[in-house]
There are 2 protein chains.
Amino acid sequence: MSTSQSAHSPAERSAETRARILDAALSEFSAYGLAGARTDRIAAAAGVNKALLYYYFSSKEGLYLAAFELSAGKIRDRSMAALLKGVSPGERILRTALDHFDRILAQHEFQGLMQQEMIRLSKGESKAISILVDRVFGPLQKIYQATFEEGISSGELISVDWKQSQLAVIGANVFYFISAPMMRQLDVADPFDDGALALRRKSLVEFLGQAIFQDRQHGAELACRVLADTPMPAVERDRLPFWRKHERA
Amino acid sequence: MSTSQSAHSPAERSAETRARILDAALSEFSAYGLAGARTDRIAAAAGVNKALLYYYFSSKEGLYLAAFELSAGKIRDRSMAALLKGVSPGERILRTALDHFDRILAQHEFQGLMQQEMIRLSKGESKAISILVDRVFGPLQKIYQATFEEGISSGELISVDWKQSQLAVIGANVFYFISAPMMRQLDVADPFDDGALALRRKSLVEFLGQAIFQDRQHGAELACRVLADTPMPAVERDRLPFWRKHERA
DNA sequence: CGTACTTTACTAACTAGTTAGTTTAACTAA
DNA sequence: TTAGTTAAACTAACTAGTTAGTAAAGTACG
C-alpha cells in the first residue's frame with residue numbers, strides 16, 4: 001500500500017511496520033484495556049494482517065507490554081527533563097506539577113493505560129506496574145523527594161509533608177481528566193475548552209506557589225514566570241477519547 | 001440449603017435471593033466492570049443458578065444497572081446527610097470532604113464501578129452515568145454550591161472558586177484510593193495502615209480548614225472538632241480489593 | 001534466495017443467553 | 001385431613017457466537 005513507500009531496506013520497512021503496530025496497539029489498549037482490546041482491530045488500524053502481530057510479538061500480552069513500556073519510557077524522559085532543569089528547587093517543583101497536567105493532555109493514552117492497569121493491579125493481575133515502579137515512578141519519586149528536601153533545607157520551601165502535597169497536585173490533575181466526561185454532563189462549561197484548561201493550569205500553579213513557599217511573594221512570582229514560559233500545548237481534540245460529540249454531530 | 005432456612009414465605013425468600021444476587025453482582029461488576037464480569041461467577045457467588053439471574057433481571061446489563069442504581073442510592077443518602085447537617089456552611093463543607101473520604105473507604109465497590117464507568121463514558125457507552133448525574137451528582141453539586149455560596153456571603157468562607165477547591169479535595173481523595181495499590185509498591189508505608197489513613201484524613205481536613213476560611217483560627221478549630229467527632233470507620237480489610245497480601249500469605 | 005509479509009482456513013476455549021424441565025410452597029375442593 | 005392443582009422459584013444442560021492464537025501455503029521484492 002501507500003504506507004511502505006518511504007522506507008527502502010527491509011530492515012527499515014520492518015521497523016516502520018513494527019512501530020505502526022505498536023502505535024495502533026497503544027490506542028486500542030488505552031481505550032479498551034488488555035482484556036477489552038481486540039487483536040483484529042489493532043491489526044486493521046495498523047494496516048497489517050493479524051498474523052503479523054504474532055510474528056513480531058508472541059502474544060496479545062507481549063504486545064501489550066511492549067506498547068506499555070514504550071509509552072512509559074516517553075513519560076520518564078519527559079518528567080525527568082522537568083525535574084532536572086537548571087533552576088531553583090521550588091521552581092522545579094512548580095514546573096513538574098504543570099508539566100504533569102500538560103503531559104496527561106498530550107499523552108492521554110498513557111493515562112488510559114494507567115487507569116486500566118490500576119484496576120488490574122488491585123486484583124493482583126498486573127505485570128506492567130512492577131516494571132513501571134522500578135524504572136519510572138520509583139526513580140522519579142526519589143528525584144522529586146530530593147528536590148523538595150533541597151528546597152526545604154535551602155529555605156525556599158516550607159517544611160511540609162512532600163507526599164501529601166504531591167498527592168494533592170497529582171490527584172487533582174488526574175481526577176480532572178478522569179472526571180472530565182462526567183463534568184461535561186454535570187456542568188454547562190466544557191472541561192476541554194481552552195478557557196477551562198487555562199483556568200485549571202493557572203489555579204494549579206498559583207495554588208502551589210502560595211502553599212509551599214516560605215516567601216509567598218517569591219512563590220507568586222515563580223508561578224507567574226512558569227506559567228508565562230510554559231505555553232499550553234495545542235489540544236488535538238480529535239485525538240482525545242473524550243471528544244465524541246463532533247464525530248456524530 | 002442453609003441459606004433459605006430463615007425466611008418462610010416465598011415472597012420473603014424471593015426478596016432475599018434477589019438481594020443476594022445484587023450483592024454478588026455489585027462485587028463482581030465493581031472488580032471487573034460490565035464487560036469483564038462473568039455471569040457464572042455472579043451466580044456462583046450468590047449461590048444460585050445462572051438462569052435465575054435472567055429470571056430476575058432480563059440481561060447482564062439489566063443486572064448491572066440494578067446493582068449500580070442500588071449502590072448510587074446509598075451514596076446519595078449518605079452524602080445528603082453530611083451536606084444537610086444543622087451546622088454552619090463552612091463546617092458542612094468540611095464534614096462533606098471528610099465524609100467523602102470515609103465513604104470511599106466504606107463503600108469501595110461504588111468507586112470501582114465509577115472507575116470503570118468513567119472509561120465507558122469516555123467512549124460514549126455509558127447508560128448509567130446520565131441517571132447518576134440527574135439523580136445523584138447533579139442535586140448534590142447544587143447543594144454543595146449553595147452551601148459554599150452561603151458560607152461566602154455570610155463571611156465565614158473566602159471568596160474562592162468553589163469548583164477548583166472541590167476538585168482538589170475530591171481529586172486527592174479519589175486518587176488516594178486509585179493509586180493505593182501502586183503506592184504500596186513505591187513506598188515502604190502501606191496506605192491502608194490505620195496510621196496512613198488517619199494522617200490523610202487529618203491533612204485533608206486541616207488543609208481545607210486553612211484554605212477556605214476567612215478566619216483561619218476558626219477554620220482550624222472547626223477542623224479539629226470535625227475530626228474529633230467523626231471517628232475513622234473500622235476498615236474491613238478483607239473486603240477491600242487491595243488487600244490481596246494476606247489472602248496468599 | 002531470503003526476508004517481510006498476506007491469505008485462508010482453521011481450533012480450542014470461553015461466555016451470554018436459552019430451553020425445557022424440576023422443586024417448593026400455598027391454596028383448594030372433597 | 002388430605003390429595004390434587006397452580007404458580008413462582010429454581011436448575012442442568014445446552015446453543016450460538018465470539019475471540020485469541022495457529023498452520024500452511026503463497027506473494028512481492030531487493
Side-chain angles (χ1 to χ4, degrees), chain A residues 1-25 28-29 31-68 116 120 123 125 127, chain B residues 1-25 27-29 31-68 116 120 125 127:
Chain A
M1 291 285 182
S2 59
T3 48
S4 46
Q5 284 174 341
S6 53
H8 295 294
S9 83
E12 280 176 78
R13 277 199 53 175
S14 179
E16 212 177 58
T17 305
R18 226 187 107 101
R20 263 204 337 275
I21 294 174
L22 280 172
D23 197 54
E28 177 76 10
F29 285 128
Y32 299 96
L34 173 55
R38 295 293 163 244
T39 53
D40 289 303
R41 276 201 298 253
I42 295 175
V48 299
N49 190 276
K50 187 173 67 157
L52 200 63
L53 304 186
Y54 293 89
Y55 175 77
Y56 281 114
F57 309 92
S58 55
S59 65
K60 191 191 189 185
E61 195 177 328
L63 176 56
Y64 178 77
L65 289 174
F68 193 95
Q116 314 256 10
R120 299 187 67 219
K123 293 183 289 178
E125 288 172 4
K127 291 176 187 168
Chain B
M1 287 293 181
S2 57
T3 49
S4 48
Q5 287 175 341
S6 51
H8 297 294
S9 85
E12 281 176 75
R13 277 199 53 174
S14 180
E16 210 177 61
T17 306
R18 225 187 107 100
R20 258 198 348 269
I21 293 173
L22 279 172
D23 197 55
S27 298
E28 178 75 10
F29 285 126
Y32 299 96
L34 173 54
R38 296 292 162 245
T39 52
D40 290 300
R41 276 200 299 251
I42 296 175
V48 301
N49 188 275
K50 187 171 61 153
L52 201 62
L53 306 187
Y54 293 88
Y55 173 78
Y56 281 114
F57 310 91
S58 56
S59 64
K60 191 190 189 186
E61 196 177 327
L63 176 56
Y64 178 76
L65 289 175
F68 193 95
Q116 314 256 9
R120 298 187 68 220
E125 289 173 2
K127 292 176 185 167

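Residue numbers begin at 1 in each chain, while the letters A, B, ... track the order of the sequences.
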- Distance in angstrom units between B:Y32 OH and C:dC14 P, rounded: 15 Å

- Query: For B:D40 and C:dG17, what is the distance between atoms CG and P respectively, to the nearest whole Å?
  - Reply: 12 Å

- Message: Does C:dG17 have OP1 or OP2 under 4.0 Å away from a side-chain N or O of B:S59?
- Response: no

- Has B:R38 got a side-chain N or O lying under 4.0 Å from the OP1 or OP2 atom of C:dC14? no

- B:R41 to B:Y32 six-membered ring, cation-pi geometry met (6.0 Å, 45°): yes

- Item | OP1 or OP2 of C:dC5 under 4.0 Å from side-chain N/O of A:T17 | yes

- Message: Under 4.0 Å from OP1 or OP2 of C:dT15: is there any side-chain N or O of B:T39 that close?
- Response: no

- Item | Minimal non-hydrogen separation, A:A66 against A:F57, with atom names | CB-CE2, 3.7 Å

- Euclidean distance, atom NZ of residue B:K50 to atom P of D:dC14 [Å, nearest integer]: 13 Å

- Task: Mind running side-chain contact (heavy atoms from CB on, under 4.5 Å) on B:K127 and B:R120 for me, showing each step along the way?
- Result: CA-CA 9 Å; B:K127 292 176 185 167; B:R120 298 187 68 220; over 6 Å; no

- Task: Report which part of the nucleic acid A:A37 touches: base, sugar-phosphate, or nothing (heavy-atom distance under 4.0 Å, all strands).
- Result: sugar-phosphate

- Item | Under 4.0 angstrom between B:N49 side-chain N/O and D:dA12 OP1 or OP2 | yes

- Side-chain donor or acceptor of B:K60 paired with backbone N/O of B:L34 under 3.5 Å: yes

- Query: Which whole-number value in Å describes the distance from A:R18 CZ to C:dA4 P?
  - Reply: 12 Å

- Message: Measuring only between side-chain heavy atoms, which start at C-beta, is A:L63 closer than 4.5 Å to A:F29?
- Response: yes

- Could you state the CG-P distance from A:L53 to D:dT19, rounded to the nearest angstrom? 15 Å

- Any side-chain N or O of A:Y54 under 4.0 Å from OP1/OP2 of D:dG21? yes

- Message: For D:dG21, does the base pair up with any side-chain atom of A:K60 as donor and acceptor (N or O, under 3.5 Å, distance only)?
- Response: no

- Figure out the CD1/P separation between B:I21 and D:dT11, and round it to whole Å. 9 Å

- Message: Pick the closest DNA chain D nucleotide for A:A35 and for B:A51 by heavy atoms, then say which residue is nearer the 5' end.
- Response: B:A51

- Item | Nearest-angstrom distance from the residue atom CZ of A:F57 to P of C:dC5 | 11 Å

- Calculate the interatomic distance between B:Y55 atom OH and C:dT24 atom C1'; express it in whole Å. 12 Å

- Message: At 4.0 Å (heavy atoms only), tell me whether B:Y56 reaches a base, stays on the sugar-phosphate, or touches nothing.
- Response: sugar-phosphate

